[in-house]
Amino acid sequence: MTTRTENLARIPKVYNPSEVEGRIYKSWMDNGYFQPRIQEGKQPFVIIMPPPNVTGELHLGHALTAAAEDALIRWHRMMGDPTLWLPGSDHAGIATQVVVERQLVKEGKTRQEIGRDAFVGRVWEWVHQYGRTIAEQHKRLGASCDWSRERFTLDEGPSRAVRTTFVNLYNEGLIYRGERIINWCPRCSTALSDLEVIHQEVDSRLYYIRYPHSLDPTRHLTVATTRPETLLGDTAVAVNPDDERFSDFIGQNVTLPRLNRPIPVVADSAVDTEFGTGAVKVTPAHDPNDFDIAQRHDLPLITVIGPQSTMTEAAGPQYQGMTAADCRTRILEDLKADTLLEKAEPLTHSVGHCQRCNTVVEPLAGKQWFVKVGPMADAAAKAVTEGRIRIVPDRFTKVYLNWMDNIRDWCISRQLWWGHRIPVWYCDGCDHLIVSLEDPTTCEACPSTNIRQDPDVLDTWFSSGLWPHSTLGWPDDTEDLRYFYPGSVLETGYDILFFWVARMIMMGIQNMDDIPFHTVYLHGLIQDEHGEKMSKVKGNVLNPLDIIDEHGADALRFALTVGTAPGNDSRLSPAKIRASRNFTNKLWNASRYVISILDQSDTVIPAPEPESIPLPNSPSVIPAKAEIHPLPIEDRWILSRLNRTIEDVTRALTSFRLGDAQEYVHDFIWNEFCDWYIEIAKVRLRDPSAPSPAPVLAHVLESSLRLLHPFMPFITEEIWQSLVRRIPDSPGRPDSIMIAPYPTPDPSAIDPEAEEWANLLMSLVRGVRNVRAERKVEAGKKVPAVLLDCETLGPGGRSFLENLALCSVEARPADAPQPENSVMVVEKATRIFLPLTGLFDFAGERQRLESSLEDLRKRIGQVQSRLSNEQFLSKAPPNVVEKERSRLSSWQEEESNLLHRLAELR
RNA sequence: GGGCGGUUAGCUCAGUUGGUGAGAGCGCUUGCCUUACAAGCAAGAGGUCACUGGUUCGAGUCCAGUACCGCCCACCA
């Protein structure tokens, strides 16, 4: 037999995750635990992981996503559900292209110079070089996803899904090509969707410019604009039809400054009479509002700013070729010279910027491909209003529906080279347009073989929108698709609710005629410890890999989610990570101790009795019910608390309150199991005649590990394995904790009597420790004491006396009057008297008791007034009233004890 | 312009369907290297739950309004 000290010495005092995590992850992988078994008739639990950018590096957002999803996944796997967590990565059109373009620039080249094919080849090289990084980093986190099903958006399958969707939508008239105003990023040289444009307040100037009347140059209209250079593309001036100031201008022409082109004055109710002068210049090719006005009044479009933000030929020989910015300066000078610039006022207004590169976005008219989202949005909104999809937290439902209600068509074509090529070909012979699943070689309408594919690629989010079904094999009818679709939970940050979640719902219903998932769980964003957004520029980023290296994946994961609420932003600080790391160490040492007890006393653990162990739900080293095997009251207490904790955790997990669930397990393990139960167990171990606490120690630890496993997978596995080696064989205990059953509460273990007993014990122990600290009694010095009202303690009476060793007193029961120089600690009816020879202070003691009496009477007064309130008695539920009554009576007992003692001390 | 969230201990945050001496971590004070753990143990201090009004026997929790902070949406020329 190994002695406890030997064994303790063998296990290191400090938990070292770096020695554990890699080995454990590999063993999970080798055993194939991450792959679900399809079990017909059994409802699977499915999460499709948000695919990170293929060339990305793991940041805290990914880590939070993985921590939350892995917790849900592991929980369900332990509950016995066929559980699939499908990982993948996204080609991330613009983001990746921009990175590779920068590489080229360093080599002194541009993508245009090397050409499309060579460029795409370069990106693939890059992807092959770095594409595995983020997957490997997810493994370091302990993510239990099924790597055998990993997908990339540009894989054959998902690519076919993209093409099929495009063709189907085109055939249904839901994809169209049209001339519209789009958001153009001059730096990225591509169109952007409305979502990819970030509006920022910018300090600018509002210029007032005179447009002379064409027939009567003595009269003029003044328009106000922030972008004077666009006037070269004006094709009208608009005023509100009800604006009397301009009624005689309507239908007349004014002369466009600089170009001296006559343009009409039109009446349009979209014009705000309050803003500026009430007259607005109309530049249909460069402003979405003006474009709409032009549509209504049949005005021509004149494009004066080109794709590179330089002035076109249409801007006139004077300005052609200038950058838009230079042109603005120049035109202002020219207008001034012409005395047509009336004034300029400062103005802050919001200007669109490119989400990727922060360049000011240029509204530009051009031919692009659009998805007509209206019908899909209606179906997607209905899925939520009808409750088929639930959004957690609920407040985002309104945000989602509001967006769906006001949705505008989605520009999906991008003038990029990296992405899914648009499956459209144009015939040079007859102008026919071919939309096809397979690459055509000849025109469908004429014999010409002179066809060109549309050069554009699709918005990255187009393929992401298909992710829940394209990853499972759609458009093919696969076993995975039939079994795992629709998924269970879609978990992601609220920042991509519109970009991704909304589109998956639309596209999922469109392609599958069924919702893609039942629940949308949105987590908040992570900020630094000062509430600032983390960014490389600010230099306040914490690197998850560094944290894992230093403190372990468990500490990072726990810190990311503990004490957070769904959808709320949270701050992560080194201190919070350290606190979680400390918890791993606490658990490690408690386990070290329990294991040492098991090693030392291998005879005390009863072999599991099959009939008393409700397998497979709760493998147990002890009979679950006290009747089968009468237990000491402190054992009943900790088992009661364990089961309440299991209830709390399960309820929290069921309602997606992961942060609460973690807190419950944390508090149970630390504050109840470690601080009290283990200490009580030590008292019992000193008495050779007492029943060994080893079985209960082992059981509670083992259950706690399973309870904690979804949040701290590595350390729980490591401890569990060494623990189960020391517990006699049980058929319900598998080789890995991750496939062990999640604890289920046993209502029969809930034991109010034992809990009351423990509360009293803890209060008295605290009270004695308090007095000892106050009186500066040497710590650890044994003090003899007497305990009164011991008989009221019920069946735990004897155990109660022994456990007062927790505050280093040797208590014996008594009913005799106490010596005057004793300090009294009282809780309800029970009193402990400590004769503190030489340390007793008569006046001090009286003062101490008087002040507790004062506090007690305040509380008694409150309860009494409540209990004398007729309304309360008649309207409050009986159990609440009963609770108040019993509180009152126990406090009154305490009061009489205090009064009695004070009288003695007079 | 519209919408949402936050305001609880010095700091960061929880707080289940309203149930009544208000919780955690970190920090602080005091005492302890007590053979599981100093990444720890024990004791303690610290809160008019932003403000005003309402509903209720009872409000941190529900309702209305106010203030400040933050976020999202929107075609502010």
Side-chain angles (χ1 to χ4, degrees), chain A residues 4-5 8 11 13-15 181 199 206 223-227 230 238 270-272 275-277 279-283 287-292 347-350 363 395-396 398-399 402-403 406 408 494-495 497-498 524-525 529 531 551 562-565 567-573 575-576 578-597 648 651-652 655 657 659-660 663 666-667 671 674-675 678-679 682 766 769-774 776 779-780 807-808 855-856 858-859 862-863 866 869-877 879-881 883-884 887 891:
Chain A
R4 196 191 328 160
T5 11
L8 281 171
I11 306 174
K13 278 170 96 163
V14 172
Y15 170 61
I181 287 268
H199 290 273
L206 186 62
V223 302
T225 179
T226 53
R227 303 184 63 203
T230 63
V271 179
D272 179 0
F275 189 90
T277 60
V280 66
K281 59 193 266 323
V282 180
T283 320
D287 184 283
N289 292 318
D290 295 2
F291 183 86
D292 291 346
L347 177 80
T348 37
H349 66 142
S350 110
R395 63 174 185 273
F396 285 103
K398 202 170 156 186
V399 180
N402 185 48
W403 189 75
N406 298 297
R408 302 174 66 203
Y494 65 73
D495 53 331
L497 177 62
F498 305 142
L525 274 25
E529 54 191 314
H551 301 299
V562 73
T564 64
N568 282 9
D569 292 348
S570 61
R571 303 184 187 190
L572 189 69
S573 61
K576 193 166 181 188
R578 248 180 280 122
S580 298
R581 186 276 313 266
N582 291 354
F583 177 54
T584 62
N585 203 47
K586 183 72 181 178
L587 177 63
W588 181 254
N589 278 291
S591 308
R592 213 161 64 93
Y593 177 74
V594 172
I595 286 168
S596 78
I597 298 297
D648 289 344
R651 203 177 315 120
S655 47
R657 290 179 290 115
D660 286 350
E663 214 161 277
H666 171 275
D667 290 354
N671 302 335
C674 292
D675 286 353
I678 289 183
E679 294 308 316
K682 286 178 188 171
R766 262 190 214 111
R769 284 170 176 168
N770 184 356
V771 165
R772 292 176 60 120
E774 261 179 26
K776 307 222 186 300
C807 47
S808 295
D855 176 57
L856 184 63
K858 206 186 284 170
R859 276 148 36 199
Q862 281 172 1
V863 181
R866 211 168 289 142
N869 183 338
E870 285 301 323
Q871 302 267 29
F872 176 73
L873 294 175
S874 61
K875 290 191 178 170
N879 62 318
V880 171
V881 177
K883 204 169 140 195
E884 292 297 313
R887 265 157 40 114
W891 284 346

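As the structure is a prediction and not an experimental result, all values here were calculated from the model.
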Trainee: Quick one: list whatever passes ring-ring contact (aromatic ring centres under 6.0 Å, His included) with Trp891(A), sequence neighbours left out.
Mentor: none
Trainee: How close or far is atom C1' of G27(B) from atom CD of Glu529(A), stated in whole angstroms?
Mentor: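 Interatomic distance, CD of Glu529(A) to C1' of G27(B): 13 Å.
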Trainee: Could you check whether Asp648(A) pairs with Arg651(A) (Lys NZ or Arg NE/NH1/NH2 to Asp/Glu carboxylate O, under 4.0 Å)?
Mentor: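 Counted as a salt bridge, because a side-chain N and a carboxylate O are separated by less than 4.0 Å.
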Trainee: How far, in whole Å, is G46(B) from U7(B) if one measures between their P atoms?
Mentor: 24 Å
Trainee: If the condition is ring-ring contact (aromatic ring centres under 6.0 Å, His included), which residues does Tyr593(A) pass it with, not counting sequence neighbours?
Mentor: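 Partners of Tyr593(A) by the ring-ring contact (aromatic ring centres under 6.0 Å, His included) criterion come out as none, since no residue qualifies.
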Trainee: When we call it a touch if two heavy atoms are under 4.0 Å apart, what does Phe498(A) touch: a base, just sugar-phosphate, or nothing?
Mentor: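 Here Phe498(A) touches the backbone only, sparing every base.
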Trainee: Paired stems touching RNA chain B, three or more consecutive Watson-Crick or G-U pairs with both distances under 3.5 Å?
Mentor: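 RNA chain B forms these stems: B:1-7 with B:67-73, B:10-13 with B:23-26, B:28-32 with B:40-44, B:50-54 with B:62-66.
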Trainee: If I pick the C1' atom on C33(B) and the same atom on G18(B), what distance separates them, to the nearest angstrom?
Mentor: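 Pairwise C1' distance, G18(B) against C33(B), rounds to 48 Å.
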Trainee: Residues in side chain to side chain contact (heavy atoms under 4.5 Å, CB included) with Ser655(A), at least two apart?
Mentor: Arg657(A)
Trainee: For nucleotides C69(B) and A74(B), find the distance between their C1' atoms and express it as a whole number of Å.
Mentor: 22 Å
Trainee: Can you tell me how far P in C13(B) sits from the matching atom in G19(B), rounded to whole Å?
Mentor: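 Nearest-Å result for C13(B) against G19(B) at atom P: 25 Å.
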Trainee: Identify, between Lys776(A) and His199(A), the residue whose nearest nucleotide on RNA chain B lies closer to the 5' end.
Mentor: Lys776(A)
Trainee: Distance check needed: G3(B) C1' versus Tyr494(A) OH, whole Å only.
Mentor: 14 Å
Trainee: Applying side chain to side chain contact (heavy atoms under 4.5 Å, CB included), can you list everything that pairs with Asp675(A), at least two apart in sequence or on another chain?
Mentor: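 Partners of Asp675(A) by the side chain to side chain contact (heavy atoms under 4.5 Å, CB included) criterion, ordered by chain and then number, come out as Lys586(A), Trp670(A), Asn671(A).
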Trainee: Could you work out the separation of A45(B) and A38(B) based on their C1' atoms and round it to a whole Å?
Mentor: 23 Å
Trainee: Each nucleotide in nucleotides 32-47 of chain B should get exactly one letter: B, S or -. Can you fill that in based on protein heavy atoms under 4.0 Å?
Mentor: ---BBBSBSSSSS---
Trainee: Rounding to an integer number of Å, can you tell me how far Phe275(A) CZ sits from G1(B) C1'?
Mentor: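 Going from CZ in Phe275(A) over to C1' in G1(B) covers 14 Å.
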Trainee: Under the rule for side chain to side chain contact (heavy atoms under 4.5 Å, CB included), what residues qualify as partners of Arg571(A), not counting sequence neighbours?
Mentor: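 Here the qualifying residues are Gln527(A).
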Trainee: Would you give a per-nucleotide map of nucleotides 14-22 of chain B, 5' to 3', where B means the base has a protein non-hydrogen atom under 4.0 Å away, S means only the sugar-phosphate does, and - means neither?
Mentor: S-B--BBB-
Trainee: For Glu884(A), what residues pass the salt bridge (charged side-chain N to carboxylate O under 4.0 Å, His left out) criterion, not counting sequence neighbours?
Mentor: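 Glu884(A) satisfies salt bridge (charged side-chain N to carboxylate O under 4.0 Å, His left out) with Arg866(A), Arg887(A) once adjacent residues are dropped.
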Trainee: Return the set of residues passing salt bridge (charged side-chain N to carboxylate O under 4.0 Å, His left out) with Arg592(A) (not counting sequence neighbours), or none when no residue passes.
Mentor: none
Trainee: When the C1' atoms of G31(B) and U52(B) are compared, how many Å lie between them, rounded to an integer?
Mentor: 47 Å
Trainee: For Asn869(A), what residues pass the side chain to side chain contact (heavy atoms under 4.5 Å, CB included) criterion, not counting sequence neighbours?
Mentor: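 Gln871(A), Phe872(A).
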Trainee: Can you tell me how far P in U8(B) sits from the matching atom in U34(B), rounded to whole Å?
Mentor: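 That atom pair is separated by 41 Å.
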Trainee: Does A24(B) have OP1 or OP2 sitting under 4.0 Å from an N or O in the side chain of His666(A)?
Mentor: no
Trainee: Going by salt bridge (charged side-chain N to carboxylate O under 4.0 Å, His left out), name the residues that satisfy it together with Arg581(A), two or more places apart in sequence or in a different chain.
Mentor: none
Trainee: When the P atoms of A50(B) and U61(B) are considered, how many whole Å apart are they?
Mentor: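 Pairwise P distance, A50(B) against U61(B), rounds to 8 Å.
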Trainee: Using whole Å, report how far CG of Asn879(A) lies from P of C57(B).
Mentor: 18 Å
Trainee: With a 3.5 Å distance limit and no angle check, can you tell me whether Arg772(A) reaches the backbone of Ser808(A) through a side-chain donor-acceptor pair?
Mentor: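 Yes, the answer is positive, given that a donor and an acceptor are paired below the 3.5 Å cut-off.
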Trainee: Considering every strand and a 4.0 Å limit on heavy-atom distances, what is the contact class for Lys398(A): base, sugar-phosphate, or nothing?
Mentor: sugar-phosphate
Trainee: Evaluate the ring planes of Phe396(A) and Tyr494(A), with Trp represented by its six-membered ring, and classify them as parallel (under 30°), tilted (30 to 60°) or perpendicular (over 60°).
Mentor: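 Ring orientation of Phe396(A) relative to Tyr494(A): parallel.
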